[in-house]
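Encoded as structure tokens, here's the structure I'll be asking about.
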Protein chains: 2
Amino acid sequence: MSSDQTRNAILAAAERLYADHGFAEVSLRDIVAAAQVNLAAVNYHFGSKDELIAELFISRARITTSERLQELKAAEQKAGGRAPVDAILRALVGPILRGSLSPDPDRSAAARFLIQASIEAVAPIHKIKNREIGHLKKFAAAMQRSLPELDPVEIYWSIHFALAMAHQTIRDRQRLIRLSEGACDVDDVEAIIDRIVDVSVRGLIRSDARVPARRPASV
Amino acid sequence: MSSDQTRNAILAAAERLYADHGFAEVSLRDIVAAAQVNLAAVNYHFGSKDELIAELFISRARITTSERLQELKAAEQKAGGRAPVDAILRALVGPILRGSLSPDPDRSAAARFLIQASIEAVAPIHKIKNREIGHLKKFAAAMQRSLPELDPVEIYWSIHFALAMAHQTIRDRQRLIRLSEGACDVDDVEAIIDRIVDVSVRGLIRSDARVPARRPASV
DNA sequence: GTCTATAGACTGATAGAC
DNA sequence: GTCTATCAGTCTATAGAC
């Protein structure tokens, strides 16, 4: 087996196990067993468990961030500069929601790993999580351009709440299913994105009447 | 030291440490050191680590649930039967938010422990978490009585999102502070409750125009 | 009831053969 | 690069003295 194959097998196994069971429940031995590689290979390729986790987080975060920014850019170009807020919020929550509910298990694991990483306060990630703020500020700036008369504080809260709704929906689908006794469709990703964007926009505009028309709710 | 004193010292220390650092990072040795009791006392009083966690979770969940239901009942009595949805949602998210941001460290630890427990998938809690659904259904029913013509699915999503916003605000204040460079006030509990309730209600009513007047947004 | 001491199992990491 | 073998540290749980 080549070096890259081993490396990638470890990364893929770690990602899936952490996404499914959380960091606390998964040991290096679990990971090497799933990847069908030797225990020593982890330290050889990554140096330590913490460095494995950090590398995994950085690489997956980069993917999601780039998808978000790409969608944001596309929305702004389409609108000729200032994208409407619903399109901006859609670019923010769409990638992670589509990813985690994707039928492709690798794509789903990558997204759910990111959520897990941002929730469980695991030391190696906590130190590098600051970088996440940077790209969120770009979304805040885009929204600010779209709604120049709105208090920026409203925009920050809106981003905060949109991410909260997206993450909770990915992480705790079970509770919603049981609460609604199956009535809530938690599999229709696009409808969920519509819903979260719609709630966020409605919450955002509040008493401000100077905002452009919104994308209609698809309920 | 009496038996009860030891028991309570262990419970209080465990609650605080778990709330501050998560379950993965805290061992029984950390707990007994903070409680200034002997290691064997945990197993003597609780049987095992898992039973300690379960007992802690059950007792703290009971307190929050009872506060919520008490507020709900008060709101319904005040309104003569059907409480307005904003009052119902306020009864849902108010107690946990007031608790976790309370200046009283014990009260804050209790609320943050509950959030931590509902986030980190720790085995002993996962089994008993089902009970939480029961009291949420009472909130769904109250909202249904308040808005009888609304699709119940909307109500379930609304509860789901309101809790998502409350939990994320408690758990990840740091990101919001940094994103907004301190502009968002994350210490004014009542303003946060107003904000979450307001966003939830706006998201809930969507295109439905048959609902009663809402509590004005206090932005 | 409280303590010390320790069992028994697991963890991440590494040395050294191949 | 990959493996075996093993280290040193951690954990929960418990037996037994007091």
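In what follows, chains are A, B, ... by sequence order, proteins preceding strands, each numbered from 1.
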> Quick one: is D:dT2 close enough that its OP1 or OP2 comes under 4.0 Å of any side-chain N or O from A:T6?
Replying inline: yes
>> From CZ of A:R29 over to C1' of C:dC10, roughly how many Å is that when rounded to an integer?
In response: 8 Å
> Taking for each residue the nucleotide of DNA chain C with the nearest heavy atom, is it A:S27 or A:G47 whose nucleotide lies nearer the 5' end?
Replying inline: A:S27
> In whole angstroms, how far is the P atom of C:dT6 from the CG atom of B:L28?
Replying inline: 20 Å
> With a 4.0 Å cut-off, would you call A:D194 and A:R90 a salt bridge?
Replying inline: yes
>> Taking side-chain contact (heavy atoms from CB on, under 4.5 Å) as the criterion, tell me which of B:I96, B:L97, B:T169 meets it with B:I193.
In response: B:L97
> Under 4.0 Å: is that the gap between some side-chain N or O of A:S48 and OP1 or OP2 of C:dG12?
Replying inline: no
> Starting at CD of A:E25 and ending at P of C:dT11, how long is that distance when rounded to a whole Å?
Replying inline: 11 Å
>> Just the rounded figure in Å: distance from P of C:dT11 to CG of A:D30.
In response: 6 Å
> Under a 4.0 Å heavy-atom cut-off, which of residues 38-46 of chain A touch DNA chain D?
Replying inline: A:N38, A:A40, A:Y44, A:H45
>> Assess whether a salt bridge exists between B:R98 and B:E67, defined as any Lys/Arg side-chain N lying under 4.0 Å from an Asp/Glu carboxylate O.
In response: no
> Salt bridge between B:E181 and A:K137, side-chain N to carboxylate O under 4.0 Å?
Replying inline: yes
> Got a salt bridge between B:K129 and A:D172, using NZ or NE/NH1/NH2 to carboxylate O under 4.0 Å?
Replying inline: yes
>> Under 4.0 Å between a side-chain nitrogen and a carboxylate oxygen: does that hold for B:E154 and A:R195?
In response: yes
> What is the distance, rounded to the nearest whole Å, between atom NZ of B:K49 and atom C1' of C:dA9?
Replying inline: 14 Å
> What is the distance from CG of B:D50 to C1' of D:dC11, rounded to the nearest Å?
Replying inline: 13 Å
>> Please report the distance, rounded to the nearest Å, between CZ in A:F23 and C1' in C:dT11.
In response: 17 Å
